[in-house]
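Here is the structure we will look at, set down as structure tokens.
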Amino acid sequence: MRRRRTSGECSGDKRISSQRDVGVVKTPRATRGMVTTPHHLASQSGLAQLRAGRSAIAAVVAAAATLAVVYPHMSGLGGDGFWLISEPGREPFGIQAAGRSGQAVDTDLYKRRGLSSIPIRGPLAANTVAGAVDGWRRALEVSERWGERTDLEPLLEDAIFHAENGAFVTRSQEALTREGYDELIDAPGFASAFLTSGQCPKEGEKIKYPALGETFRRLARNGLADFYQGGLAADIAADLATVGSPVTADDLADHSGAACDLPSIDLPGVRVFNHPPPTQGLASLVILALMQRQKIPQADGFAHIHAAVEATKLAFADRNRIGDPERMQIEPATLLDRVYLDSLATRIDARKAQPWEANPAKGDTVWLAAIDGEGRAVSYIQSIYYDFGSGVVLPQTGILWQNRGIAFRLDEAGPRALGPRRLPFHTLNPAFAQFEDGRRMVYGTMGGDGQPQTLAAIFSRYAMFGQGLQEAVSGPRWLLGRRWADEGASLKLEDGFSPQVVAELRAAGHDVELIESYSDLMGHAGAIVLHADGLLEGAADPRSDGAVAAW
């Protein structure tokens with residue numbers, strides 16, 4: 001039996017995973033709210049806003065700003081974002097904060113340079129506008145309608161402090177700097193921003209980002225719109241021209257994100273929401289719908305993993321038809337049609353793996369969430385796509401620019417074809433679930449192709465099989481796909497599944513590859529659940545540097 005705590009009280013429960021600490025917090029709504037992020041300092045930034053009585057949106061903006069500094073290889077001002085916002089008693093909605101390709105970005109831009117594909121690093125990879133900051137602005141306009149006064153200085157205060165005084169290099173930043181060194185070293189501005197004395201930094205070293213700190217100060221003084229149409233925009237455009245990016249001042253000024261309706265599916269006792277195209281949110285929903293149509297007796301057994309993997313194959317086949325919504329050949333709603341899903345489900349053999357050709361989508365991202373004292377919930381994901389994005393750091397402003405535009409294809413028709421003013425395909429897809437018993441759940445993860453698969457693991461463990469929230473996040477994961485440089489498309493399993501399950505998967509025809517526990521390859525996930533009685537429950541991923549924080 002759970003005891004409701006008095007106002008201001010929260011548990012000191014600190015559960016320990018087999019290898020890493022994971023903070024678990026349960027607290028009633030009266031204690032103002034909860035935030036979870038993949039870096040503990042960002043969680044503290046969000047917590048500070050909740051302690052000051054501000055909304056979940058304010059908490060997420062503050063945390064996202066801090067992540068741009070303390071987790072710079074995963075997120076930043078030069079990236080995109082997608083918001084999922086829920087108010088009690090109202091239909092949740094989204095904010096699409098994705099940037100389009102520049103007016104001068106077309107196939108000839110690359111063919112003139114003898115290129116048959118878009119380079120994954122460097123100035124020509126920095127070919128789309130960064131939409132994240134506009135997404136912060138739009139989200140804060142929502143909180144203003146809630147009666148909250150927008151004051152940017154306290155929201156950006158921690159980001160400024162860490163940029164000017166130095167942020168400690170995390171384990172993943174060190175590892176990804178080493179892994180991508182050969183690709184990144186020639187990107188303009190990368191070495192001066194992220195190397196120390198020309199060498200890859202080590203975990204625990206401190207790096208200062210003074211130009212980025214000043215950019216945050218300018219945003220605090222002049223407003224977030226300054227990124228697109230003010231003095232800061234002029235400096236950003238000048239920087240982009242200096243490094244050789246095709247994105248211009250006009251492209252920045254023309255940028256506009258948008259609110260959006262959310263696709264959803266109904267499962268027994270729960271309705272699940274995600275984001276529409278250009279994201280892969282539909283794929284995440286299809287996987288859950290197909291899993292629900294299978295006979296799965298228990299979590300983490302053969303039937304569970306096999307059903308999820310086979311559902312992923314079918315969902316990803318349709319995912320390849322998703323891209324810029326204005327150029328899609330299908331109506332997104334058709335992929336969630338009951339008759340269509342029933343038909344897809346019949347193609348899953350309960351004992352045999354079907355063949356599958358990998359078309360991998362890489363991605364390093366941050367997912368974060370907050371629920372405030374009014375029960376308003378935010379599930380938010382922000383990304384520069386690859387770790388360190390394009391690798392290009394703008395000289396005056398210190399902004400690391402994304403490479404999301406490499407999702408476009410040259411010499412192809414359809415929704416992913418390159419052209420001016422087009423939206424690229426996004427792996428980003430924050431999730432939300434509304435249970436019939438009154439629970440409301442925000443959850444998400446980073447991880448490219450792994451995002452829908454990790455979302456399926458967390459949701460099915462928690463909602464279908466009754467695992468605890470932290471257990472659902474911490475438990476061993478699977479990933480169908482290949483590492484970017486690998487030849488094969490194996491089914492990767494973290495250490496922790498039973499030998500019998502591994503043997504059954506191999507016997508069914510899955511090409512199983514065993515990997516270490518708590519692998520970064522499996523993404524950095526998290527979740528918060530608001531129960532009907534006001535209890536808040538949060539989980540952070542032991543694979544990340546994150547934490548749950550509550551007030």
Identify whether the distance between the nearest side-chain nitrogen and carboxylate oxygen of Asp541 and Arg477 falls below 4.0 Å. yes

Which pairs of donor and acceptor atoms, one on a side chain in residues 198-212, lie under 3.5 Å apart (sequence neighbours left out)?
unit_1	atom_1	unit_2	atom_2	d
Glu205	OE1	Thr196	OG1	3.3
Glu205	OE2	Lys202	N	2.8

Tell me which donor-acceptor pairs under 3.5 Å the side chains of residues 230-245 have, and how far apart each pair is, sequence neighbours excluded?
unit_1	atom_1	unit_2	atom_2	d
Asp235	OD2	Arg218	NH1	2.8
Asp235	OD2	Arg218	NH2	3.0
Asp239	OD1	Gln396	N	3.3
Asp239	OD1	Gln396	NE2	3.1
Asp239	OD2	Gln396	N	2.9
Asp239	OD2	Thr397	N	3.1
Asp239	OD2	Thr397	OG1	3.3
Thr242	OG1	Ala238	O	2.9
Ser245	OG	Ala126	O	2.6
Ser245	OG	Val247	N	3.2

Nearest heavy-atom contact between Ala417 and Phe408 is O-CD2, 3.7 Å

Would one find more than 12 heavy atoms of other residues, nucleotides or ligands at under 6.0 Å from atom CG of Asn165? yes

For the pair Asp254 and Arg100, find out whether any cationic side-chain nitrogen is under 4.0 Å from an anionic carboxylate oxygen. no

Salt bridge (Lys or Arg N to Asp or Glu O under 4.0 Å) involving Asp134 - partner list, sequence neighbours excluded: Arg137, Arg138

Does Tyr443 reach the side chain of Pro430, with side-chain heavy atoms less than 4.5 Å apart? no

Decide yes or no on ring-ring contact (aromatic ring centres under 6.0 Å, His included) for Phe190 and Phe388, but give the supporting numbers first. CA-CA 9 Å; Phe190 177 81; Phe388 293 108; 5.2 Å; yes

Salt-bridge criterion met for Asp372 and Arg376 (N-O under 4.0 Å): yes

Only pairs at least two apart or in different chains count here, so list each ring pair (Phe, Tyr, Trp, His ring centres under 6.0 Å) that has a residue in residues 123-182. none

Is the count of non-hydrogen atoms from other residues, nucleotides or ligands lying under 6.0 Å from Glu153 atom CD greater than 12? no

Nearest atoms (heavy-atom pairs only) where Ser43 meets Ala547: OG-O, 2.7 Å

Suppose the criterion is ring pair (Phe, Tyr, Trp, His ring centres under 6.0 Å): which pairs have a residue in residues 210-259, not counting sequence neighbours? Tyr228-His255

Output side-chain donor-acceptor pairs under 3.5 Å for residues 53-68, partner residues at least two apart or in another chain, one line each.
unit_1	atom_1	unit_2	atom_2	d
Arg54	NH1	Gln49	OE1	2.8
Ser55	OG	Ile57	N	3.3
Ser55	OG	Ala58	N	3.2
Ser55	OG	Glu148	OE1	2.6
Thr66	OG1	Ser45	OG	2.7
Thr66	OG1	Ala62	O	3.3

For Arg178, is there an ion pair with Asp387 - N to carboxylate O distance below 4.0 angstrom? no

Just checking, any donor-acceptor pair under 3.5 angstrom between side chains of His426 and Asp80? yes

Should the pair Phe273 and Phe432 be assigned to parallel (<30°), tilted (30 to 60°) or perpendicular (>60°) ring geometry? tilted

Heavy-atom closest contact (Ile120 atom, Asn403 atom, distance): O-ND2, 2.9 Å

